[in-house]
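Structure, as structure tokens:
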Amino acid sequence: MGTTKLITMYGSPWSERVRWAFAFKRLPYEKQNYEPGVDEDAVKKLTGQAMVPVLITGDKVIPDSSAILDWLEEAKPEPALLPKSAKERAIVTL
Ligand SMILES: N[C@@H](CCC(=O)N[C@@H](CS)C(=O)NCC(=O)O)C(=O)O
């Protein structure tokens, strides 16, 4: 899978959401801390917006926690974040 890097910010619920999912999947990653006012330009250059979390893996740069969780579920399906049935998925993602 190569190196997986997560740019996250302490205190950001969207960053926490992604960190929890990586911990649940037991998938190691390199951490990069985002500092508002300092790292904005660098992150904007990467994704077009000054927001975290951002995942960098292989040649992919993925901003947005939901998009990162989608990537994670595909990259490491087990243990699953979501139920298998469409009905149950709809319930938990409401
Ligand atoms: N929809 C985005 C929201 C991300 C977001 O709002 N991130 C905030 C922190 S919670 C941020 O990066 N703000 C930039 C800043 O404070 O400089 C996601 O789910 O990742």
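Note that the structure is a prediction, hence the values are computed from the model and not measured.
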- Task: Give me the ring orientation class for Trp71 and Phe22: parallel if the planes are under 30° apart, tilted from 30 to 60°, perpendicular past 60°.
- Result: parallel
- How close do Ala80 and Lys84 get, heavy atom to heavy atom, and via which atoms? CB-NZ, 4.1 Å
- Task: Just jot down the salt bridge (Lys or Arg N to Asp or Glu O under 4.0 Å) partners of Lys45, sequence neighbours excluded, or say none.
- Result: none
- Hey, quick one: are Leu27 and Leu6 part of the same hydrophobic cluster, counting side-chain heavy atoms closer than 4.5 Å, chains of contacts allowed? yes
- Message: Does any part of the side chain of Glu73, heavy atoms only, come nearer than 4.5 Å to the side chain of Leu82, both counted from C-beta?
- Response: yes
- Scanning both residues in full, the closest heavy-atom pair of Pro63 with Ala67 reads O-CB, 3.5 Å
- Query: Once you round to the nearest 0.5 Å, how far does OG1 of Thr57 lie from CD of Glu30?
  - Reply: 11.0 Å
- Message: I want to check something: taking the side chain as every heavy atom from C-beta on, are Arg17 and Ser66 in contact at a cut-off of under 4.5 Å?
- Response: yes
- Task: Starting from Leu46, walk the hydrophobic network (Ile, Leu, Val, Met, Phe, Trp, Tyr; side-chain heavy atoms closer than 4.5 Å) and list everyone else you reach, by chain and number.
- Result: Ile7, Met9, Tyr34, Val43, Val52, Val54, Ile56, Val61
- Item | Side-chain touch Thr8/Arg19, heavy atoms, less than 4.5 angstrom | yes
- Do Trp14 and Ile68 belong to the same hydrophobic cluster, where Ile, Leu, Val, Met, Phe, Trp and Tyr are linked whenever their side-chain heavy atoms lie under 4.5 Å apart, directly or via other members? no
- Item | Between OG on residue Ser65 and CG on residue Leu72, distance to nearest 0.5 Å | 11.5 Å
- Item | Heavy-atom check, side chain of Thr4 versus side chain of Leu55, under 4.5 Å | yes
- Task: Please examine the side chains of Lys25 and Leu81, heavy atoms only from C-beta on, and report whether any two atoms are closer than 4.5 Å.
- Result: yes
